[in-house]
Enquirer: 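There's a structure below that I have some questions on.
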There are 2 protein chains.
Amino acid sequence: MSMNIGAAARASGISAKMIRYYESIGLISPDRLANGYRCYEARDVHLLSFIRTTRALGFSIEQVRSLLALWQDRSRSSADVKALASGHLDVLRERVRATQTIIATLEHLSAACHGDLRPDCPILDGLTGGPRHDGQIALPARAT
Amino acid sequence: MSMNIGAAARASGISAKMIRYYESIGLISPDRLANGYRCYEARDVHLLSFIRTTRALGFSIEQVRSLLALWQDRSRSSADVKALASGHLDVLRERVRATQTIIATLEHLSAACHGDLRPDCPILDGLTGGPRHDGQIALPARAT
DNA sequence: CTTGACCTTCCCATGATTGGAAGGTGCAGG
DNA sequence: CCTGCACCTTCCAATCATGGGAAGGTCAAG
């Protein structure tokens, strides 16, 4: 059940590079063989998979660290976990909203552009944030 | 009409720090006074506003560079601009789609969580990417 | 014994932005 | 004139998560 970092990478879907990085920031602490080679048990791979899943869901490393602490804390309350997930959901929803605003703006500009060989282009005109003259576009606040 | 970097920052909405950075990567080339102080004309501020708008719409610095080149090219075709905007739109739409998948996954987990003081938590169970047992969640491909 | 596939550590790069240190400049008041 | 203060300059570093690569050690098969 004990494996090298390469095997652990294949088993968890995290690159060996990132596994070493996660170790360097204290997310995981594998044993070492007499070689100096890192040695991963089944539970380590399990933990790495947890990290991979949470990262894929857009949690930051620090959030993953919190989730890991909760995960390993037998006396945790599920409310704590739910609060963390809920806060992240708010961020994600806001991100979608902001991006959709950007999309609408770009679509609006693009629709006005005839897209031919002439140099006249409403997109560039709309992107010009200088002196407002006509129907100036509204700028979204944050782009992520 | 000529101004310091601080005034240009206030006028364009870009921090002085970033204005210097944009200069260092060749997006803008203001004159210098005998002081060594940078000197911005109205057209420089206009250009900075253009950069701010495009960045706010989520274009990368390199895309902004392309847009700037088109902007300043009198013989450009509007089709080129539209193609660039269209490609960016595709990226943005995909980003929204991926984020919405993540949101759906998290909402699904969160809805199953009673969120009380008990340690039992379906969210953490769902985040466990280890050995599948029950209704395992589907992982979105990329998180951004 | 050689070869190739691993492993180790270390440093560097990305993209966009922010922060700070150390030092020069300009303008106002005392 | 001196002193502050607000501004400017350059340079260096950090962020976040990841990838790339060099230089060298280890192991198993041929």
Side-chain angles (χ1 to χ4, degrees), chain A residues 2-40 44 48 50-68 88 91 95 98 102 140-144, chain B residues 2-40 44 48 50-68 88 91 95 98 102 140-144:
Chain A
S2 183
M3 60 212 319
N4 271 342
I5 196 173
R10 278 183 294 271
S12 67
I14 302 181
S15 72
K17 212 82 180 173
M18 287 312 298
I19 294 180
R20 290 195 198 93
Y21 172 68
Y22 290 152
E23 178 180 351
S24 80
I25 62 173
L27 285 193
I28 188 177
S29 304
D31 285 341
R32 298 287 182 126
L33 298 178
N35 281 348
Y37 284 22
R38 289 167 180 83
C39 176
Y40 298 88
D44 295 316
L48 285 171
F50 181 93
I51 296 175
R52 175 167 134 84
T53 308
T54 48
R55 289 289 301 130
L57 289 179
F59 288 93
S60 72
I61 294 283
E62 284 316 303
Q63 286 173 319
V64 171
R65 195 191 298 277
S66 302
L67 284 170
L68 268 180
H88 185 49
V91 171
R95 198 177 295 178
I102 292 175
R142 284 272 89 225
T144 311
Chain B
S2 183
M3 59 211 317
N4 271 342
I5 197 173
R10 277 183 294 272
S12 67
I14 301 182
S15 72
K17 212 83 179 173
M18 286 313 295
I19 294 180
R20 291 195 198 94
Y21 172 67
Y22 290 152
E23 179 181 352
S24 81
I25 62 174
L27 284 193
I28 188 176
S29 304
D31 286 340
R32 297 289 182 125
L33 299 177
N35 282 350
Y37 284 23
R38 289 168 179 84
C39 175
Y40 298 88
D44 294 318
L48 285 171
F50 181 93
I51 295 176
R52 176 167 131 84
T53 308
T54 48
R55 288 289 302 130
L57 289 179
F59 288 92
S60 72
I61 293 284
E62 284 316 302
Q63 286 173 317
V64 171
R65 195 191 298 278
S66 303
L67 285 170
L68 268 180
H88 184 49
V91 172
R95 197 177 295 178
I102 293 175
R142 284 273 90 222
T144 310

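Reminder, nothing fancy here: chain letters follow the sequence lines and each chain counts from 1. What you see is a predicted model, and the numbers here were worked out from it, not measured in a lab.
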Enquirer: Below 3.5 Å between N/O atoms, which protein atoms pair up with nucleotides 27-30 of chain D? Just atom names and distances, please.
Expert:
| unit_1 | atom_1 | unit_2 | atom_2 | d |
| --- | --- | --- | --- | --- |
| D:dC27 | OP1 | A:Asn35 | OD1 | 2.4 |

Enquirer: Can I get a per-line list of side-chain donor-acceptor pairs under 3.5 Å for residues 59-68 of chain A, giving both atom names and the distance, sequence neighbours left out?
Expert:
| unit_1 | atom_1 | unit_2 | atom_2 | d |
| --- | --- | --- | --- | --- |
| A:Ser60 | OG | A:Glu62 | N | 3.4 |
| A:Ser60 | OG | A:Gln63 | N | 3.1 |
| A:Glu62 | OE1 | A:Arg65 | NE | 3.0 |
| A:Glu62 | OE2 | A:Arg65 | NE | 3.4 |
| A:Glu62 | OE2 | A:Arg65 | NH2 | 3.2 |
| A:Gln63 | OE1 | A:Ser60 | N | 2.8 |
| A:Arg65 | NH1 | A:Ile25 | O | 2.9 |
| A:Arg65 | NH2 | A:Ile25 | O | 3.2 |
| A:Ser66 | OG | A:Glu62 | O | 3.2 |

Enquirer: For DNA chain C, find the residues of residues 14-27 of chain B with a heavy-atom distance under 4.0 Å and give them by number; none if there aren't any.
Expert: B:Ser15, B:Lys17, B:Met18, B:Tyr21, B:Tyr22
Enquirer: If I take atom CD1 from residue A:Ile19 and atom CG from residue A:Leu48, how far apart are they, to the nearest 0.5 angstrom?
Expert: 5.0 Å
Enquirer: Note the angle between the end axes of the helix from C:dC1-D:dG30 to C:dG30-D:dC1, five pairs defining each, rounded to 10 degrees.
Expert: 30°
Enquirer: Heavy atoms from C-beta onward define the side chain here; which of C:dT9, D:dC8, C:dA16 lies closest to that of B:Ser60?
Expert: C:dA16
Enquirer: Sorted by first residue and then second, give each salt bridge (charged side-chain N to carboxylate O under 4.0 Å, His left out) pair with at least one member in residues 24-37 of chain A; sequence neighbours left out.
Expert: A:Glu23-A:Arg32
Enquirer: What distance separates B:His88 NE2 from B:Arg95 CZ, expressed to the nearest 0.5 Å?
Expert: 6.5 Å
Enquirer: Using the side chain to side chain contact (heavy atoms under 4.5 Å, CB included) criterion, which residues pair with B:Leu33? Sequence neighbours excluded.
Expert: B:Asn35, B:Tyr37, B:Cys39
Enquirer: How many angstroms lie between atom CD1 of B:Ile28 and atom CZ of B:Phe50, to the nearest 0.5 angstrom?
Expert: 12.5 Å
Enquirer: Does C:dT9 have OP1 or OP2 under 4.0 Å away from a side-chain N or O of A:Arg38?
Expert: yes
Enquirer: Could you check A:Ile14 against A:Tyr22 for side chain to side chain contact (heavy atoms under 4.5 Å, CB included), going step by step and ending with a plain yes or no?
Expert: CA-CA 10 Å; A:Ile14 302 181; A:Tyr22 290 152; 3.9 Å; yes
Enquirer: Let me know the distance between CZ of B:Arg32 and P of C:dG24, rounded to the nearest Å.
Expert: 17 Å
Enquirer: Hey, could you give me each pair passing salt bridge (charged side-chain N to carboxylate O under 4.0 Å, His left out) that has a residue in residues 5-20 of chain B? Not counting sequence neighbours.
Expert: none
Enquirer: Provide, to the nearest angstrom, the distance between the CD1 atom belonging to A:Ile5 and the P atom belonging to D:dG25.
Expert: 20 Å
Enquirer: Measure CD1/A:Ile61 against C1'/D:dA14 and give the value in whole Å, please.
Expert: 17 Å
Enquirer: Check the pair A:Arg38, A:Tyr40 against side chain to side chain contact (heavy atoms under 4.5 Å, CB included), reporting the backbone distance first and the verdict last.
Expert: CA-CA 7 Å; A:Arg38 289 167 180 83; A:Tyr40 298 88; 3.1 Å; yes
